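It should be emphasised that the depicted structure is a prediction, and the values quoted were computed from it without experimental measurement.
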Protein chains: 2
Amino acid sequence: MPIIKNQQPNTSSTGRVRKKNQLIILKAAEQDFLEHGFKGASIKGIAERAGIPRANVHYYYKNKEAIYSDILLEILALWDSSIITSTEEPAKVLGDYILAKVMYSKTNPEASRIFAGEFIHGAPRLQEYLKTSFKTWIDEVKATVEGWINQGKMDPIDPLYLLFTIWGATQHYADFAPQVTAAMGKDKLSNEDFEQVAKTLTQIILKGCGISK
Amino acid sequence: MPIIKNQQPNTSSTGRVRKKNQLIILKAAEQDFLEHGFKGASIKGIAERAGIPRANVHYYYKNKEAIYSDILLEILALWDSSIITSTEEPAKVLGDYILAKVMYSKTNPEASRIFAGEFIHGAPRLQEYLKTSFKTWIDEVKATVEGWINQGKMDPIDPLYLLFTIWGATQHYADFAPQVTAAMGKDKLSNEDFEQVAKTLTQIILKGCGISK
DNA sequence: AAATAACCTGACACCAGTGTCAAGTAAAAT
DNA sequence: ATTTTACTTGACACTGGTGTCAGGTTATTT
């Protein structure tokens, strides 16, 4: 008798093989999404990259959307984690934040690019996130920076514009990597390059906002 | 007798209809590329958006790649056009450049996003450009900024990092528009918003580089 | 008003990717 | 050791997109 009841089974119990294979698939998928974009990527391509038959991918993931959701969730968790709210002095808080963002571009360029791709195409899958946890986080930061301004610790600059400047300037090194390397005449930025970026950027932004060290 | 010799005809002579239709196709294609990315876009989709039969699109363009090339060329021409080399004072030159870039994000968000998408996916079609006209442009700017530094008109900051900061910070408003609007709690940035962005950014960067007005 | 070149389009053959299923094998539980 | 559950995979039917072509219509030229 053929067994029928065996589709998408337990998530919680044993699942050792499951975990291992999902990781292989996700890593392959990340590359494929990066190279071809969401619509351009194919389960066929992902399966080939992962070195397993396509039907096996379908065993773990219903479709491309499901794989992508898993990847996006992981990225969001990472992205949110650098925290800016704090009781420290602005110079320290912003310096740390800029460094963290630059290092994120260095360490997780794939994540940064997938995230950017999502926005470029209108962020259809991030609407919920933008309305909830993102908005909350933004409001906290806004309050913190406004506090600094009221205490005379920095020039009166719209906190949002400050944030966008930091994001744009730091993510640029991941998202526009081919342009950056072409301009610098290198194949790849070194550790020292990234440290120098963080240092320079911190200098420009702190001084530009009238924050003394 | 059927006429055989009628494929992809004269580019230079009459071609009134040709010009009109190509424009319709390019505009439709731009939207489709924006929404779905290069690989995700389809000639079928472009034709439907343009309101003409698919075979008619094929009459003007051999394939998707050909359409995309046309669009990219136009974008590159536009992108290069803002000039930074000049004999004016740094405050004026950089201020103008930042304003131009912010306004480009406002006026041509589609172009900015397509351009960004290209880099995110590794810029396979821009290698030639990056090695030639882009590199030349970069070298000129580098020389100009280094001149300013040597004359003591600004702090010693790597010209490339300065450029990347400006690019990242300005393009962010086009490329990450959904994130920006979500943070600001608006549907769309107004004219005044963009002017304010340019003003704030100019302030941060000039002051941050130690440039006096 | 012919003739010629430009433009239009339905139809055809083709290819890449999808999702499901049945029949299997490997692993875990009993 | 057997049973149950988890995992694997080739095959199938299907969908959506591609590029070409023949025979048509509309513009332009002469």
Side-chain angles (χ1 to χ4, degrees), chain A residues 1-71, chain B residues 1-29 31-70:
Chain A
M1 291 288 106
I3 303 125
I4 301 186
K5 168 195 162 204
N6 73 338
Q7 293 303 94
Q8 314 304 70
N10 64 335
T11 316
S12 49
S13 75
T14 52
R16 279 176 33 257
V17 186
R18 185 178 199 79
K19 211 157 199 179
K20 186 196 72 183
N21 284 343
Q22 281 186 331
L23 192 71
I24 292 173
I25 293 169
L26 286 180
K27 281 300 148 203
E30 192 175 70
Q31 279 310 118
D32 223 56
F33 285 133
L34 218 47
E35 223 166 275
H36 309 119
F38 174 72
K39 302 243 174 151
S42 67
I43 299 194
K44 186 174 184 284
I46 293 167
E48 277 162 14
R49 209 185 282 258
I52 58 180
R54 191 171 54 83
N56 202 3
V57 175
H58 278 292
Y59 176 73
Y60 289 106
Y61 290 100
K62 199 169 124 275
N63 51 34
K64 202 163 58 164
E65 193 72 45
I67 304 179
Y68 195 71
S69 291
D70 253 27
I71 292 181
Chain B
M1 292 287 109
I3 303 128
I4 301 185
K5 169 195 162 204
N6 73 336
Q7 293 300 96
Q8 314 302 72
N10 66 337
T11 317
S12 49
S13 75
T14 51
R16 280 180 30 258
V17 186
R18 187 178 198 78
K19 210 156 198 180
K20 188 196 73 184
N21 284 342
Q22 282 186 332
L23 192 73
I24 292 173
I25 293 170
L26 287 179
K27 282 299 148 206
Q31 279 311 116
D32 223 55
F33 285 132
L34 218 49
E35 222 166 277
H36 308 117
F38 174 73
K39 302 244 175 155
S42 67
I43 300 195
K44 185 174 184 284
I46 293 168
E48 276 163 12
R49 210 185 281 258
I52 57 180
R54 191 172 55 84
N56 201 4
V57 175
H58 278 293
Y59 176 73
Y60 289 107
Y61 289 99
K62 198 169 127 275
N63 51 33
K64 203 164 58 165
E65 193 73 46
I67 304 179
Y68 195 71
S69 291
D70 252 28

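Taking atom OH of residue Y61(A) and atom P of nucleotide dT8(D), one finds them 13 Å apart after rounding to whole Å. Atom P of nucleotide dT15(D) and atom CG of N63(A) are separated by 17 Å, given to the nearest angstrom. The NZ atom of K19(A) sits 19 Å away from the P atom of dA27(C) (whole-angstrom rounding).
Considering only side-chain N and O atoms, N21(A) lies under 4.0 angstrom from the phosphate OP1 or OP2 of dT8(D). Between Y60(B) and dC8(C) there is a side-chain polar atom (N or O) within less than 4.0 angstrom of OP1 or OP2. For Y59(B) and dC7(C), the shortest distance from a side-chain N or O to OP1 or OP2 is below 4.0 Å.
By the side chain to side chain contact (heavy atoms under 4.5 Å, CB included) test, A55(B) is found to be paired with no residue, residues two or more places apart in sequence or in another chain being considered. Residues passing the side chain to side chain contact (heavy atoms under 4.5 Å, CB included) test with N63(A) are E65(A), A66(A), sequence neighbours excluded. Checked against side chain to side chain contact (heavy atoms under 4.5 Å, CB included), I24(A) has the following partners two or more places apart in sequence or in another chain: N21(A), A50(A). For R54(B), there are no salt bridge (Lys or Arg N to Asp or Glu O under 4.0 Å) partners, not counting sequence neighbours.
Using a cutoff of 4.0 Å between basic side-chain nitrogens and carboxylate oxygens, E30(A) and R49(A) are not scored as salt-bridged.
Counting only residues at least two apart or on different chains, the side-chain hydrogen bond (donor to acceptor under 3.5 Å, both in side chains) pairs with a member in residues 37-48 of chain A are K39(A)-H36(B), K44(A)-E48(A).
Between dT18(C), dT20(D), dC7(C), one nucleotide has an atom nearer to the side chain of R18(B) than all others, and that is dC7(C).
Contacts between residues 43-55 of chain A and DNA chain D, defined by a heavy-atom separation below 4.0 Å, involve P53(A), A55(A), listed by number.
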